[in-house]
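Just so we're clear, the structure is a prediction, and the values are computed from it rather than from any experiment.
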Amino acid sequence: MLLTLDRLPAGVPAAVVQIGCHEALRERLRDFGLIPGTKVVVCYRSPDKGVTALQFRGSVIALRTRDLKGVRVQW
Amino acid sequence: MVKKAVTVALAGNPNVGKSTLFNTVTGLRQHTGNWPGKTVEVARGYLTKGDTTFTFVDLPGTYALTGGSEEERIAAEYITSGNADWIVVVCDGTALERSLILALQILSMTPNVILCVSLMDEAQRMGIQIHAEKLSGILGIPVILTAAGRKEGISQLLAHLSREPDAKSRPKLESIDVIGQAERIAAACTERIGDNAQPWRQKVDRILVSRTWGVVILLGLLMLLVWLTVWGANVPSRMLEALLDRGYFWLHKLLRWIPDPLHSILLDGAYATCARVLSVMLPPMAIFFPLFSLLEDVGYLPRMAFLLDGGMRRCGGCGKQALTMCMGIGCNAVGVTGCRIIQSPRERLLAILTNSMIPCNGRFPTLIVLAGLAFGKWAAFAVGGCVLLGVLGAMLTSGVLSKTALRHTCSHFLMEIPPLRRPRVGQILVRSLIDRTLCIAGRALRVAAPAGVILWFLTNGGSLQLLGKVLEPVGVFFGMNGVILLAFVLSLPANELLFPVILMTVTGAKSLQGLGVTDIVAILSELTFENILCMMIFTVFHWPCATTIATIWKETADHRKTAAAVILPTAVGMMLCAVLHFLL
């Protein structure tokens, strides 16, 4: 099933299909190693759901949930 | 004997133990300075072993070298410059795959690389094993495994570093797809043994970031931090004051050969002022910063930023601004420097401009005395209210700025949340005392000494009382009086000077020497409730101290931004006080 990363439930493993964020953010995500094909899990979200902690490649990165609207994943 | 000099640059992601390695190798033989013309700091450290002198350059921690941030450009420039004989890339043993991305990027830029896989103790605990020889074979460079507190990796590293770079052992790189390559290499060289779940760690982590408990723990920790600082600083502050008092008489005798006006300027002006500032400022900082570093080292701070991002986001800032505000409680100058952790330029500027609205250690004693006079047994709540007022002021100002002057800058928020770690207490103590406390104390003394001299001339010329009278109408307009306003102006070098200046103006004393808390309480108790309330508000919101202003200028390298950082809190304070004066 395809959905955007901001809606992926916590604890469900998924694989990134496409990254459609704006250029600057896409570059930053690539620096961290997030590209199409990368396996990700949502660890937890902040109290107001505004920040999402994503686990991939062995580390946990926190991002604004609204910035993840452009990342499509398959699970 | 021929001396050999070897320059080694340390590169790596943030939070991978790069600084730990740097500190372990160089110990206290290091100094920190800015890159010429840049706001990015670089630490250099030295080590002599046998006939070789090693110079270690600690490059800024980066995730990549292709991005646009200043840190990344500087690191990339240095690596390709050829100034270093060796580049040591520090990798995280618990997340080898991600660390290898940077390592491979560096390998494509320069040949003389050594890979140092750190945090191996943690990796082992998580059931991760790394095959160093295999990794070394694939990459074609030396690979060393290290862990905090273990020396064998270090001596191995030094042995490698004292060798001449081997031209034959060129690194082998087959493709330009660094991420895919990192993935394959990490998969080939890492082995997972057994279950790495460590359920208690995950459980603790979940609680720390949960909606209710997370916030409760966060507020509890912050209150504990402030309470320990204020309460714990009491006794050492008094002891330091007594000690420096004795130093006054000792110096008085020692420097008797200096002719009188100069003798008095040096002792009653410069020394007395420095002593006062030092005894009020040093103990709280020496308590606050090690404790704060402890939270940092455990890995709690990113979680705190994670929890607080919601509130800060509504004001146009980000969660990391909440961290810099907390640092501001320790010292606003440190808080402003701390804004470097915010990558996004707009959020960073917001955090710098509003930091001084958070009352710092230097202002707490003032607030406590004033609150005691005005609110009696409710004083603690009044001081808490002042901190809250400062936080609210900083957040509202950020919000207004982000919707007006800084509305067009776009931004995003990205932050690594490292695993919770056992803190390295010894190293924290030493580093936070040297890097933060002593550094700030030194900077404060450099401003306090000349300020003391100016103060001496003002008191001995009798101009203090005159200036107080001139400022009287302005002071009254803001709900205070001329003397108080004058004291605020003259305590620009350090907030700790506020009460001493009031004392000197009212009593006409020629020196700060021998004036104590009882004298100030006697003077202040003659003020009205309105005076004290406005004074408390103005203590929270007025111009930053000279040290902080200098730091803001250094961090922004822009006089307009620095001016804004001075004007903004002052305007807020004046507005509130004027309104209060009008109402009461």
Checked A62(A), G50(A), G58(A) vs chain B; the most non-hydrogen pairs under 4.5 Å come from A62(A)

I'd like to know which of D205(B), T94(B), T212(B) tops the heavy-atom pair count under 4.5 Å against chain A. D205(B)

For the interface with chain A, which of D309(B), I101(B), V215(B) has the highest count of heavy-atom pairs at distances below 4.5 Å? D309(B)

Could you tell me if the ring centre of F32(A) sits under 6.0 Å from that of F56(A)? no

With a 4.0 Å cut-off on N to O distance, would you call [X] and [Y] a salt bridge?
X       : Y       : value
D48(A)  : R313(B) : yes
R57(A)  : E183(B) : yes
R26(A)  : E23(A)  : yes
E347(B) : R340(B) : no

Interface moiety of [X] toward chain B, non-hydrogen atoms closer than 4.5 Å:
X      : result
T65(A) : neither
R66(A) : side chain
I35(A) : side chain

Under 3.5 Å, is there a donor-acceptor pair linking the side chains of Q321(B) and S398(B)? yes

Name the region of Q105(B), side chain, backbone, both or neither, that has any atom closer than 4.5 Å to a heavy atom of chain A. neither

